[in-house]
Chemist: 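This is the structure, below, for whatever I ask next.
Lettering of chains follows the sequences in order, A, B, ..., and the numbering in each one begins at 1. Heavy atoms only: backbone and side chains are in, while hydrogens, waters and symmetry mates are out. Since the model is a prediction, treat every value here as computed from it, not as a measurement.
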Protein chains: 2
Amino acid sequence: MTAAGNGAQTAGRPTRLPRSARRKQLLAAAQEVFVAQGYHAAAMDDIAERAGVSKPVLYQHFPGKMDLYLALLDTHCDAIVAQVQDAMRGTSDNKERVGASVRAYFDFVDHESEAFRLVFESDLRNDPAVRQRVERVEQGCIAAITDTIISDTGVSRAHAELLASGLVGAAETAAQFWLAGGRQVPKAEAEALVAALSWRGIASFPLQGESA
Amino acid sequence: MTAAGNGAQTAGRPTRLPRSARRKQLLAAAQEVFVAQGYHAAAMDDIAERAGVSKPVLYQHFPGKMDLYLALLDTHCDAIVAQVQDAMRGTSDNKERVGASVRAYFDFVDHESEAFRLVFESDLRNDPAVRQRVERVEQGCIAAITDTIISDTGVSRAHAELLASGLVGAAETAAQFWLAGGRQVPKAEAEALVAALSWRGIASFPLQGESA
DNA sequence: GCACAGTGGAGGTCAAGATCGGCGTGCAGT
DNA sequence: ACTGCACGCCGATCTTGACCTCCACTGTGC
């Protein structure tokens, strides 16, 4: 199962690809290896072999291992933040906003090849560049929700951020748990359940007891 | 601030310690370095220097880097699971259970030297031994809450686990966010806020959507 | 037939985990 | 009190493993 089941060439005649296609293929191969092994355990040899090319080609497309990783990370960081922001902007019904946000997390986690691990389980969070991006994701998602909470409940920003982080954590953890457990519950059902939990939790806050 | 502010000797005369005390001191030094740098970036030289000893002493107490890390990890894994289980067993009032669980996560995160990073932000989750322990923590906490949810709401186990994972994620993420944000909200206030969010979310479930 | 672009495998370098001979200190026996 | 002993500790070193480049080969356009 070294390089047989993917979309690259299987063996023998090395296929010549245009740079753009080669780059995309390298990114795909790198993603599979990074997701399966993590950053540190993933060797450049593995990625090259997975893509069916040799190491020099890899270094002709990416200056180093870190650049390769960051390219992938950026893609998925942008994806999840955009999905959550769309969930906020897509409607003005807050209940529907909660549902869409939860769906965003489940979609992100359910995306093929478990790429979410690059963001949520990165073994490079100590590296400044990676840490900055990962924190930016979490803070971006929290910020989007925070604004809505503030404008619709009137709680202080600090409180709203805490609530938003709780909601984000619930969706994130539940989605990961749902996937790790082998999708024992149908996706729509799981989304509805977590959305209900979140909505019931947050919906009572407007104009309710603030400092209770 | 290399080795000045800790409990080790500052410089000059190397103090001879009994094995037990030396071991505890090495564990403390290792925890500080692992928390600050992560597993991979932490060098054995750093840990030895932090403890004020040389590397061979370190290897006289621990067979390798991994053993040292696992010793620390086990301690904190046991701690958080026990805290959540105590929160469940400490009372039969479910609202108080939610409050105690949230408090458990905040206490764990607020514990000195940010040791929670060893569990929640480990950069060794790919390693089987570490992964097993970290997953055991999450599943242990979820299981404790799941049982209560099942017995008090009657939802299916799969649904209860999803709800529990959501609650766990909310507490965990909110606690980390609260700490990362510099404790902008007093601890008791933050706990109450997240507890309210969680309780309002879960409290409506009994006899509501399922068996009502 | 020939130049050339791009590939494949072998090697350099370096960081970090793991380890060996010397040193100094405290203690027991006479 | 003096001497030999044992033990814990340290500086310096080895080795492994992984990232990152250099020589021989192959297929194509004129």
Chemist: Taking atom C1' of C:dT7 as reference, at what distance in whole Å does atom NE2 of A:His61 sit?
Modeler: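 Rounded to the whole Å, the gap is 12 Å.
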
Chemist: In whole angstrom, give the distance that lies between atom CD of A:Gln37 and atom C1' of D:dA18.
Modeler: 14 Å

Chemist: Can you tell me if A:Arg117 uses its side chain to pair, donor with acceptor, with the backbone of A:Val35 under 3.5 Å?
Modeler: no

Chemist: Given that B:His40 and B:Pro56 both sit by DNA chain C, which one's nearest nucleotide is further toward the 5' end?
Modeler: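 Between the two, 5'-proximity favours B:His40.
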
Chemist: Looking at B:Arg19, does any N or O in its side chain come under 4.0 Å of the phosphate oxygens OP1/OP2 on D:dC7?
Modeler: no

Chemist: Roughly how many Å is it from CZ in B:Phe62 to C1' in C:dT19, rounded to a whole number?
Modeler: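 Atom-to-atom, B:Phe62 to C:dT19, this comes out as 18 Å.
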
Chemist: Would you indicate what A:Ala41 reaches in the nucleic acid, counting non-hydrogen atoms under 4.0 angstrom: base, sugar-phosphate, or nothing?
Modeler: nothing

Chemist: Figure out the CZ/P separation between B:Phe34 and C:dA16, and round it to whole Å.
Modeler: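 Computing the B:Phe34:CZ to C:dA16:P distance gives 13 Å.
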
Chemist: Within the side chain of A:Gln25, is there an N or O that forms a donor-acceptor pair under 3.5 Å with the backbone of A:Ala51?
Modeler: yes

Chemist: Please tell me which of the listed nucleotides, C:dT7, D:dC9, C:dA18, lies nearest to the side chain of B:Val57?
Modeler: D:dC9

Chemist: Can you measure A:Tyr59 atom OH to D:dC22 atom P for me and round it to whole angstrom units?
Modeler: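 Computing the A:Tyr59:OH to D:dC22:P distance gives 13 Å.
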
Chemist: Rounded off to whole Å, could you give me the CD-to-P distance for the A:Gln60 and D:dT21 pair?
Modeler: 11 Å

Chemist: What integer distance in Å separates A:Lys65:NZ from D:dG17:P?
Modeler: 15 Å

Chemist: Provide, to the nearest angstrom, the distance between the NZ atom belonging to B:Lys55 and the P atom belonging to D:dG11.
Modeler: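 In whole Å, D:dG11 P and B:Lys55 NZ are 11 Å from each other.
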
Chemist: Name the nucleic acid region contacted by B:Ala42, choosing base, sugar-phosphate or nothing; use a 4.0 angstrom heavy-atom cut-off, strictly under.
Modeler: sugar-phosphate

Chemist: Has A:Lys187 got its NZ or CZ under 6.0 Å from the middle of the six-membered ring of A:Phe106, at an angle within 45 degrees of the ring axis?
Modeler: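 Checked: cation-pi criterion not met.
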
Chemist: Examine distances only and state if a side-chain atom of A:Arg200 and a backbone atom of B:Ile202 form a donor-acceptor pair shorter than 3.5 Å.
Modeler: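 Not at all, since once roles are kept as given, no pair shorter than 3.5 Å links the two residues.
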
